[in-house]
Amino acid sequence: MEPINIMIVGVGGQGTLLASRVIGAAAVSSKLDCKVSEVHGMSQRGGSVVTYCRVGGRIFSPLVEKGHADVLLCFERLEALRWSGFLRRGGLLILNDERIDPMPVIAGAQSYPGGIIEALQAGGAQVTAIDAAAIADECGDRRAANTVLLGVLASKGIAGIARETWEEAVCGIVPAKALEINKKAFQKGYERGSGQ
Amino acid sequence: MQCLLLGNEAVAFGARDAGVTVASAYPGTPSTEITETIAKFDEVYSEWAPNEKVAVETAIGASFAGARAICAMKHVGLNVAADPLFTVSYTGVNGGLCIVVADDPGMHSSQNEQDSRFYARSAHILMLEPSDSQECYDFTRLAFELSERFDTPVLLRLTTRVAHARSVVALREKEQYLLKDYKKDMAKYVMVPANAIARHVVVEKRDALLREYAETAPLNRVERGQGKACVVSSGISYQYVKEAFPDADVLKLGVVYPLPEELLKDFAAQAKKLIVAEELEPYIETHCRAIGIETLGKARLTLQGELTPAMLRERFADILPAGEAPQAVSAVTAEPAPPRPPALCAGCPHRGAFYVLGKLKLHVMGDIGCYTLGAMPPSSAIDACVCMGASIGMVHGMDKARGAQFAAKTVAVLGDSTFIHSGITGLIDIVYNKGVSTVIILDNSITGMTGHQQNPATGITIKGEKTRQIDLKKLCEAVGVERVRVCDPFDLKDFEKVVLEETAAAEPSVIIAQRPCILLKGVRRAAPCYIDREKCKKCMSCLRLGCPAIVRKPEGPSINESMCVGCGLCARLCAFGAICGRGE
């Protein structure tokens, strides 16, 4: 099986690492080879962060190359724009439609670009944009936005991983006290993603 | 058992399953999770040492005592530990000794991208380099066997993309390791010249044995492709080679010191020119050339940063024609995407200190930690940053070079953990040599940047147990600093006053700016602040704090409620009382 390349991009502190761990766990239970490359340290302090997940028959490099990503799971709009060149034309871009201003915008040196979603669509991305934080809020905690996005990802039938496998992976990774909220968040995301 | 582990975690499991007794380390990205993971194993003694030199010395002691021991550090940490490293090569070991060094090509979290393989070569220490988590596990276990078999410490070299990538690992049965007998052996362990001269001979003999081992070690393997090109590689570069050139013949090296000679020559004999794919320095390539093999490598690649499969395909397209590159999304917006550099967190205690230092326009000698971010705009409050603990030596040198007037405008800034790591010796230098410098210890009660590790100033061990706590104030007083002030960096007025007084004083002084990291458990977070639009004059002073929770809006500065932790620093700063902390 050709590797499926997923990139998770966002802002340090948004819970991207947890999402990548769920993808990894789902892949391993599906008996697929998997590599997940994380970013730790300096880059986490509110900076732009990227996690590469590769799932398939046999994986060599833990990184995804430009133009090779099948899915871009984006936790923030500007980060979706920044990393969009990694997505192959026609690839899936799942977007949490949230805006977090970076320091140059806060400092007034640069402005936050407008029309990002339109530009992504015009540029050849298949965009599914949702307000994951609001959906997570409905489920009981905004911080479960990452699980909502995972629900959307799961609904797209990525790497042939079954819904139950995704759910088990979420249960295995999310801390017990937040489990109920995250289960709901996953379900809502799945429903949104499959257009239910 | 199959599990998905970080390279670092796999090293930790490998150490546990090899029967390691003692692990000592100082945290450093990208190596930290090795020791953090070991700390979860009850059967292994683990500790955070004050610095890497002490960590290696502790592991050496454990090895001499007959135990298997490990210590892990980032590449620059090995510089700190280089002193014991070069001599433990002479003594050899009793119990197996593995020193893990994690290089950071691309400098994701580092101040340079030195190549640690040269340490192995110059200290004549066996070095293994894994390419994924399974190899991290296997090579770590093997490192202990080889250490004992060849009576040598073993260096295990990782790079960020191996250390911080998760891949599938099959764990094997744990080894029941019994401590070796401890025998006093002065000729082996007492490195005075007479003994060391004899041991140097042993090192050279060992090197010959290791070279022989490298020729046939299963860690060095040839993977036959379709003979279109011959590529030699190791570590993460091997993965990029397999990605870029699936049809090439590949010699994958797991032993990077010593490098095999015959194996390389045999392999190279099948190709006109041998491609060498390695990150950073031409370490393997220089060896190949020295033994008469023609190579293609650094002349086409780079000494800087990381390799990518795309770079390999492009640079060697004449030898291995690449397929068509896939079409990528190309999204263009009217304005370019602004960068998103890391920033001090909302509520970070360092923000108060840097605001004041920036306001006073002092020359700030910085150091390694979260507070290096004080160099970022808008505060831009740091003049120099070199290595752990260097801020103090640098401020002293500046003051000696430019005299008293200049000294009144300089300070050193470093964290509590960094001060203990290697700042204290610099402070002794200032006191001893009649310096007048001012040192500011940003004491946030944790080792922050590497992800919250305990240190001697926190009074808690790696296992979360209470222990004796170093009193920073008493420590500074004990080395002879008579002016030690403790203050809160969020009390902007008081902090400014203290800084002005201490920089003016013609004697050494230390300011301990105490406030815990906002991310620590148990640190109070208040309701978000808000801006009273009627009082706000839009002077934008609050934006100069560089707080990620304060954003610029058409109606004036605005506070992002989901990010604000209610620290109230902006409220203290605002001259018009327009910012209200709800919690206060």
Side-chain angles (χ1 to χ4, degrees), chain A residues 11-13 20-21 24-25 27-28 33-48 59-63 65-68 78-79 81-82 84-89 91 93 100-116 119-120 122-125 142, chain B residues 2-4 6 29-30 32-33 108-110 132 161-162 164-168 236 238-243 308-310 325-345 370 372-373 376-378 449-451 540 543 546-548 550-552 560 562-563:
Chain A
V11 178
S20 73
R21 292 185 60 200
V28 170
D33 193 11
C34 175
K35 282 187 179 168
V36 179
S37 188
E38 303 176 351
V39 172
H40 297 230
M42 178 66 102
S43 350
Q44 274 194 298
R45 297 280 173 273
S48 167
I59 310 290
F60 290 105
S61 167
L63 306 181
E65 296 181 68
K66 277 189 185 152
H68 286 257
L78 173 60
E79 295 312 309
L81 175 65
R82 186 189 317 287
S84 57
F86 277 75
L87 189 64
R88 67 170 165 77
R89 224 163 222 287
L93 191 147
I100 301 175
D101 285 356
M103 208 41 81
V105 174
I106 290 175
Q110 275 176 276
S111 53
Y112 195 101
I116 289 178
L120 292 168
R142 289 179 75 83
Chain B
Q2 296 251 327
C3 39
L4 199 62
L6 280 180
T29 314
T32 312
E33 298 80 11
H108 299 276
S109 291
S110 303
D132 60 20
R161 299 302 188 180
V162 171
H164 282 165
R166 288 181 191 277
S167 61
V168 180
I236 195 66
Y238 158 80
Q239 306 288 8
Y240 301 152
V241 166
K242 294 295 280 187
E243 203 71 48
T308 63
Q327 286 239 310
V329 165
S330 144
V332 185
T333 48
E335 297 106 332
R340 190 187 300 275
L344 294 171
C345 306
C370 284
T372 316
L373 293 171
M376 306 296 283
M449 179 56 89
T450 42
M540 304 293 176
L543 284 162
C547 176
I550 310 178
V551 293
R552 186 183 293 263
N560 177 344
S562 68
M563 211 178 263

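Just so we're on the same page: letters track the sequence lines, and every chain starts at 1. This is a predicted model, so every value here is computed, not measured.
Considering only heavy-atom pairs separated by less than 4.5 Å from chain B, the leading option among A:Gly115, A:Cys34, A:Gly24, A:Ala27 is A:Cys34. Each of B:Pro336, B:Pro309, B:Ala325 has some count of heavy-atom pairs under 4.5 Å with chain A, and the biggest count is that of B:Pro309. Per-residue heavy-atom pair counts under 4.5 Å with chain B were compared for A:Pro62, A:Pro113, A:Ala119, and the maximum is reached by A:Pro113. For chain B, the option among A:Gln110, A:Lys66, A:Arg82, A:Arg142 with the highest count of heavy-atom pairs below 4.5 Å is A:Arg82. Across B:Ala334, B:Pro339, B:Ala310, the residue that shares the most heavy-atom pairs under 4.5 angstrom with chain A is B:Pro339. Residue with the most contacts toward chain B among A:Leu78, A:Asp101, A:Leu93, A:Ile116: A:Leu78 (heavy-atom pairs, distance under 4.5 Å).
Nearest approach of A:Leu120 to B:Val329, heavy atoms of both residues: O-CG1, 4.3 Å. A pairwise comparison of heavy atoms in B:Ala328 and A:Gly67 identifies CB-CA, 3.6 Å as the closest pair.
Of the atoms belonging to B:Asn560, not a single heavy atom falls under 4.5 Å from chain A. With a 4.5 Å cut-off on non-hydrogen atoms, B:Ile236 touches chain A through its side chain but not through its backbone. With a 4.5 Å cut-off on non-hydrogen atoms, B:Cys547 touches chain A through its backbone but not through its side chain. Looking at B:Val332, only its backbone comes within 4.5 Å of chain A, counting heavy atoms on both sides. Interface remark: B:Pro377 contributes backbone atoms only to the contact with chain A (heavy atom separation under 4.5 Å). With a threshold of 4.5 angstrom between heavy atoms, B:Met376 does not approach chain A through any atom at all. Both the backbone and the side chain of A:Val105 come within contact range of chain B, with heavy atoms under 4.5 Å apart.
Side-chain contact between B:Met563 and A:Ile100 is present, with at least one heavy-atom pair separated by less than 4.5 Å. Side-chain atoms of B:Pro342 and A:Ser48, non-hydrogen and from C-beta on, never get closer than 4.5 Å to each other.
Interatomic distance, OH of B:Tyr240 versus CZ of A:Phe60, reported as 14.0 Å (0.5 Å rounding). Taking CD1 of A:Ile106 as the start and CG of B:Leu543 as the end, the distance is 8.0 Å to the nearest 0.5 Å. In this structure, B:Arg161 CZ and A:Lys35 NZ are separated by 13.0 Å, a value rounded to the nearest 0.5 Å. With rounding to the nearest 0.5 angstrom, the CZ atom of B:Arg340 is 10.0 Å from the CE atom of A:Met103.
Side-chain atoms of B:Arg166 do not come within 3.5 Å of backbone N or O of A:Ser20 as any donor-acceptor pair. Under the 3.5 Å distance criterion, the side-chain polar atoms of A:Glu38 are left unmatched by any main-chain donor or acceptor of B:Ala165. In terms of modelled atom types and a separation under 3.5 Å, the side chain of B:Glu335 and the main chain of A:Ser111 share no donor-acceptor contact. Side-chain N or O atoms of A:Arg88 include none that pairs as donor or acceptor with a backbone N or O of B:Pro326 at under 3.5 Å.
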Practice task
Assess whether side-chain contact (heavy atoms from CB on, under 4.5 Å) is satisfied between B:Val168 and A:Val28, documenting all intermediate values.
Solution key: CA-CA 8 Å; B:Val168 180; A:Val28 170; 4.2 Å; yes

